[in-house]
Amino acid sequence: DTGVSQNPRHKITKRGQNVTFRCDPISEHNRLYWYRQTLGQGPEFLTYFQNEAQLEKSRLLSDRFSAERPKGSFSTLEIQRTEQGDSAMYLCASSFGGSESGNTIYFGEGSWLTVV
Amino acid sequence: DAKTTQPNSMESNEEEPVHLPCNHSTISGTDYIHWYRQLPSQGPEYVIHGLTSNVNNRMASLAIAEDRKSSTLILHRATLRDAAVYYCILRDASGTYKYIFGTGTRLKVLA
(Lines give C-alpha, C1' and ligand atoms only; values in the text may rest on other atoms or scores of the structure.)
Protein backbone atom coordinates (compact mmCIF):
# COMPACT_ATOMS: atom_id res chain seq x y z
CA ASP A 1 0.00 0.00 0.00
CA THR A 2 1.53 3.30 -1.04
CA GLY A 3 -1.00 5.61 0.61
CA VAL A 4 -0.49 7.96 3.54
CA SER A 5 0.49 5.96 6.61
CA GLN A 6 -0.14 7.06 10.19
CA ASN A 7 1.10 5.54 13.43
CA PRO A 8 -0.04 4.67 15.94
CA ARG A 9 -3.65 4.24 14.89
CA HIS A 10 -4.88 4.43 18.45
CA LYS A 11 -3.34 5.93 21.56
CA ILE A 12 -4.74 6.14 25.08
CA THR A 13 -2.78 8.34 27.41
CA LYS A 14 -3.14 9.87 30.83
CA ARG A 15 -3.70 13.57 31.16
CA GLY A 16 -0.42 15.40 31.38
CA GLN A 17 1.57 12.90 29.34
CA ASN A 18 3.21 13.68 26.01
CA VAL A 19 2.24 11.87 22.83
CA THR A 20 3.75 11.77 19.36
CA PHE A 21 2.14 10.74 16.09
CA ARG A 22 4.01 9.90 12.94
CA CYS A 23 2.92 10.38 9.34
CA ASP A 24 4.55 8.91 6.25
CA PRO A 25 3.21 10.68 3.16
CA ILE A 26 2.84 9.27 -0.31
CA SER A 27 6.25 8.99 -1.90
CA GLU A 28 7.33 12.15 -3.73
CA HIS A 29 4.53 14.26 -2.26
CA ASN A 30 6.14 17.52 -1.19
CA ARG A 31 3.23 18.94 0.82
CA LEU A 32 2.09 17.43 4.09
CA TYR A 33 -0.87 18.50 6.22
CA TRP A 34 -2.14 17.84 9.73
CA TYR A 35 -5.81 18.11 10.67
CA ARG A 36 -7.74 17.37 13.84
CA GLN A 37 -11.26 16.00 13.86
CA THR A 38 -13.69 15.69 16.75
CA LEU A 39 -16.95 13.80 16.74
CA GLY A 40 -19.57 15.27 14.42
CA GLN A 41 -17.27 17.93 13.03
CA GLY A 42 -15.33 18.24 9.82
CA PRO A 43 -11.53 18.11 9.91
CA GLU A 44 -9.92 21.28 11.31
CA PHE A 45 -6.68 22.48 9.79
CA LEU A 46 -3.66 22.47 12.08
CA THR A 47 -0.60 23.02 9.93
CA TYR A 48 1.08 22.21 6.64
CA PHE A 49 4.58 21.77 5.28
CA GLN A 50 6.06 22.26 1.88
CA ASN A 51 9.10 20.02 1.90
CA GLU A 52 10.66 20.66 5.31
CA ALA A 53 9.32 24.19 5.71
CA GLN A 54 6.30 24.67 7.96
CA LEU A 55 4.36 27.30 6.03
CA GLU A 56 1.24 27.81 8.09
CA LYS A 57 0.03 27.05 11.58
CA SER A 58 -3.51 27.35 12.82
CA ARG A 59 -4.27 29.30 15.95
CA LEU A 60 -5.71 25.99 17.16
CA LEU A 61 -2.13 24.87 17.54
CA SER A 62 -1.32 25.97 21.05
CA ASP A 63 2.22 26.02 22.41
CA ARG A 64 1.67 22.43 23.53
CA PHE A 65 1.49 21.28 19.92
CA SER A 66 4.48 21.03 17.64
CA ALA A 67 4.98 19.48 14.24
CA GLU A 68 8.16 18.73 12.37
CA ARG A 69 9.16 17.40 9.01
CA PRO A 70 12.94 17.33 9.34
CA LYS A 71 13.97 15.94 5.98
CA GLY A 72 10.91 16.75 3.95
CA SER A 73 9.68 13.17 4.14
CA PHE A 74 7.86 11.85 7.22
CA SER A 75 6.38 14.19 9.82
CA THR A 76 5.69 14.03 13.54
CA LEU A 77 3.03 15.79 15.56
CA GLU A 78 3.75 16.05 19.27
CA ILE A 79 1.29 17.07 21.93
CA GLN A 80 2.82 17.93 25.29
CA ARG A 81 0.98 17.87 28.62
CA THR A 82 -2.12 16.38 27.07
CA GLU A 83 -5.55 17.54 28.20
CA GLN A 84 -8.88 15.79 27.86
CA GLY A 85 -9.88 18.31 25.20
CA ASP A 86 -7.10 16.96 22.99
CA SER A 87 -9.03 13.74 22.52
CA ALA A 88 -9.71 13.59 18.79
CA MET A 89 -8.67 11.95 15.57
CA TYR A 90 -5.50 13.42 14.11
CA LEU A 91 -5.38 13.20 10.34
CA CYS A 92 -2.39 13.52 8.08
CA ALA A 93 -2.62 14.20 4.36
CA SER A 94 -0.18 14.79 1.54
CA SER A 95 -0.21 16.25 -1.94
CA PHE A 96 2.11 16.82 -4.86
CA GLY A 97 2.54 20.47 -5.67
CA GLY A 98 4.22 21.89 -8.70
CA SER A 99 1.76 20.57 -11.22
CA GLU A 100 -1.55 21.65 -12.64
CA SER A 101 -3.32 18.69 -11.09
CA GLY A 102 -5.27 20.79 -8.64
CA ASN A 103 -3.13 19.81 -5.66
CA THR A 104 -5.42 16.99 -4.61
CA ILE A 105 -4.71 15.96 -1.03
CA TYR A 106 -4.82 12.34 0.10
CA PHE A 107 -5.55 11.45 3.69
CA GLY A 108 -4.34 8.71 5.94
CA GLU A 109 -6.63 6.67 8.15
CA GLY A 110 -6.01 8.89 11.15
CA SER A 111 -4.62 8.45 14.63
CA TRP A 112 -7.15 8.35 17.43
CA LEU A 113 -6.13 9.96 20.71
CA THR A 114 -7.99 9.39 23.94
CA VAL A 115 -6.83 11.32 26.99
CA VAL A 116 -8.08 9.88 30.27
CA ASP B 1 -11.37 31.41 5.27
CA ALA B 2 -12.80 30.11 2.02
CA LYS B 3 -16.29 29.00 2.95
CA THR B 4 -18.53 26.32 1.55
CA THR B 5 -22.15 25.69 2.48
CA GLN B 6 -23.76 22.28 2.27
CA PRO B 7 -27.01 20.80 3.57
CA ASN B 8 -26.52 18.93 6.81
CA SER B 9 -28.13 15.74 5.58
CA MET B 10 -29.78 14.10 2.60
CA GLU B 11 -31.49 10.81 1.91
CA SER B 12 -31.63 8.73 -1.20
CA ASN B 13 -33.05 5.40 -2.22
CA GLU B 14 -30.66 2.72 -3.33
CA GLU B 15 -30.05 2.57 -7.09
CA GLU B 16 -31.29 6.14 -7.58
CA PRO B 17 -29.18 9.17 -8.52
CA VAL B 18 -28.10 11.59 -5.81
CA HIS B 19 -27.29 15.25 -6.28
CA LEU B 20 -25.27 16.79 -3.45
CA PRO B 21 -25.09 20.59 -3.66
CA CYS B 22 -22.39 22.94 -2.43
CA ASN B 23 -22.31 26.73 -2.43
CA HIS B 24 -18.94 28.48 -2.58
CA SER B 25 -19.71 32.07 -3.49
CA THR B 26 -16.31 33.37 -2.34
CA ILE B 27 -14.29 31.08 -4.59
CA SER B 28 -11.34 32.69 -6.30
CA GLY B 29 -10.73 32.35 -10.00
CA THR B 30 -7.92 29.84 -9.77
CA ASP B 31 -9.19 27.56 -7.04
CA TYR B 32 -10.21 23.99 -7.70
CA ILE B 33 -13.31 22.55 -6.05
CA HIS B 34 -12.55 19.26 -4.31
CA TRP B 35 -15.01 16.70 -3.00
CA TYR B 36 -14.24 14.10 -0.38
CA ARG B 37 -16.29 11.56 1.49
CA GLN B 38 -15.71 10.06 4.89
CA LEU B 39 -16.92 6.79 6.32
CA PRO B 40 -17.11 6.33 10.09
CA SER B 41 -13.72 6.00 11.75
CA GLN B 42 -11.84 6.51 8.49
CA GLY B 43 -9.94 9.37 6.94
CA PRO B 44 -11.58 11.41 4.17
CA GLU B 45 -11.43 9.76 0.76
CA TYR B 46 -10.90 11.78 -2.40
CA VAL B 47 -13.87 11.65 -4.78
CA ILE B 48 -13.40 14.20 -7.54
CA HIS B 49 -12.22 17.72 -8.27
CA GLY B 50 -12.65 20.32 -10.97
CA LEU B 51 -11.96 23.91 -11.95
CA THR B 52 -14.51 25.08 -14.51
CA SER B 53 -15.69 22.23 -16.68
CA ASN B 54 -17.85 19.35 -15.55
CA VAL B 55 -15.83 16.28 -14.61
CA ASN B 56 -16.54 12.57 -14.57
CA ASN B 57 -14.68 9.69 -13.01
CA ARG B 58 -15.50 6.16 -11.96
CA MET B 59 -16.92 7.31 -8.65
CA ALA B 60 -19.01 10.35 -9.52
CA SER B 61 -19.61 13.38 -11.69
CA LEU B 62 -19.04 16.99 -10.75
CA ALA B 63 -21.19 19.71 -12.24
CA ILE B 64 -19.81 23.23 -11.78
CA ALA B 65 -21.98 26.30 -12.27
CA GLU B 66 -20.94 28.71 -14.96
CA ASP B 67 -20.17 31.42 -12.37
CA ARG B 68 -18.36 28.79 -10.21
CA LYS B 69 -20.26 29.86 -7.12
CA SER B 70 -21.81 26.47 -6.70
CA SER B 71 -21.23 22.87 -7.66
CA THR B 72 -23.07 19.56 -7.46
CA LEU B 73 -21.64 16.13 -6.84
CA ILE B 74 -23.64 13.51 -8.68
CA LEU B 75 -23.69 9.86 -7.69
CA HIS B 76 -25.39 8.16 -10.59
CA ARG B 77 -26.70 5.12 -8.74
CA ALA B 78 -26.47 5.27 -4.98
CA THR B 79 -25.50 2.12 -3.15
CA LEU B 80 -25.48 1.37 0.56
CA ARG B 81 -21.71 1.77 0.45
CA ASP B 82 -22.14 5.40 -0.58
CA ALA B 83 -23.60 6.29 2.81
CA ALA B 84 -21.04 8.72 4.22
CA VAL B 85 -20.37 12.37 5.01
CA TYR B 86 -19.55 14.30 1.85
CA TYR B 87 -17.43 17.44 1.97
CA CYS B 88 -16.74 20.00 -0.70
CA ILE B 89 -13.66 22.03 0.10
CA LEU B 90 -11.69 24.97 -1.20
CA ARG B 91 -8.32 26.41 -0.45
CA ASP B 92 -8.25 29.20 2.07
CA ALA B 93 -8.79 32.63 0.54
CA SER B 94 -5.25 33.66 1.48
CA GLY B 95 -3.98 31.51 -1.35
CA THR B 96 -1.99 29.14 0.81
CA TYR B 97 -2.55 25.41 0.62
CA LYS B 98 -4.77 25.39 3.67
CA TYR B 99 -7.99 23.55 2.85
CA ILE B 100 -11.07 24.37 4.86
CA PHE B 101 -13.69 21.76 5.69
CA GLY B 102 -17.23 22.52 6.78
CA THR B 103 -19.50 20.02 8.49
CA GLY B 104 -20.41 18.32 5.21
CA THR B 105 -23.56 16.51 4.11
CA ARG B 106 -24.44 13.22 5.74
CA LEU B 107 -25.89 11.00 3.04
CA LYS B 108 -28.23 8.24 4.09
CA VAL B 109 -29.02 5.57 1.51
CA LEU B 110 -32.22 3.64 2.01
CA ALA B 111 -32.44 0.02 0.90
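The chains referred to below are lettered A, B, ... by the order of the sequence lines, with proteins before strands, and numbering in each begins at 1.
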**Prompt:** Just checking heavy atoms, which of residues 106-116 of chain A are less than 4.5 Å from chain B?
**Reply:** A/Y106, A/F107, A/G108, A/E109, A/W112

**Asked** Considering heavy atoms only, which positions within residues 39-57 of chain A lie below 4.5 Å of chain B?
**Response** A/Q41, A/G42, A/P43, A/F45, A/Y48, A/E56

**Asked** Taking side chain as C-beta onward, heavy atoms only, is B/Y32 less than 4.5 Å from A/T104?
**Response** no

**Request:** Output all residues satisfying side-chain hydrogen bond (donor to acceptor under 3.5 Å, both in side chains) with B/T79, sequence neighbours left out; order by chain, then residue number.
**Result:** B/D82

**Request:** Select one option (side chain, backbone, both, neither) describing which atoms of B/E45 are under 4.5 Å from chain A's heavy atoms.
**Result:** neither

**Residue B/Y46 versus chain A: region with a heavy atom under 4.5 Å** = side chain

**Prompt:** So which residues of residues 69-77 of chain A are in contact with chain B at a heavy-atom cut-off of under 4.5 Å?
**Reply:** none

**Request:** Please name the pair of heavy atoms, one in A/L91 and one in B/P44, separated by the smallest distance, quoted to 0.1 Å.
**Result:** CD1-CD, 3.9 Å

**Message:** Distance check, rounded to the nearest 0.5 Å: B/H49 atom NE2 versus A/N103 atom CG?
**Reply:** 9.0 Å

**Prompt:** So which heavy atom on A/Y35 is nearest to which on B/K98, and how close?
**Reply:** OH-C, 4.5 Å

**Prompt:** For A/R9, does the CZ atom have more than 12 heavy-atom neighbours from other residues, nucleotides or ligands under 6.0 Å away?
**Reply:** yes

**Prompt:** Of the backbone (N, CA, C, O) and the side chain (C-beta and beyond), which part of B/Y99 lies under 4.5 Å from a heavy atom of chain A, both, or neither?
**Reply:** both

**Request:** Would you give the length of the straight line joining atom OG of B/S41 to atom NE2 of A/H10, rounded to the nearest 0.5 angstrom?
**Result:** 7.0 Å

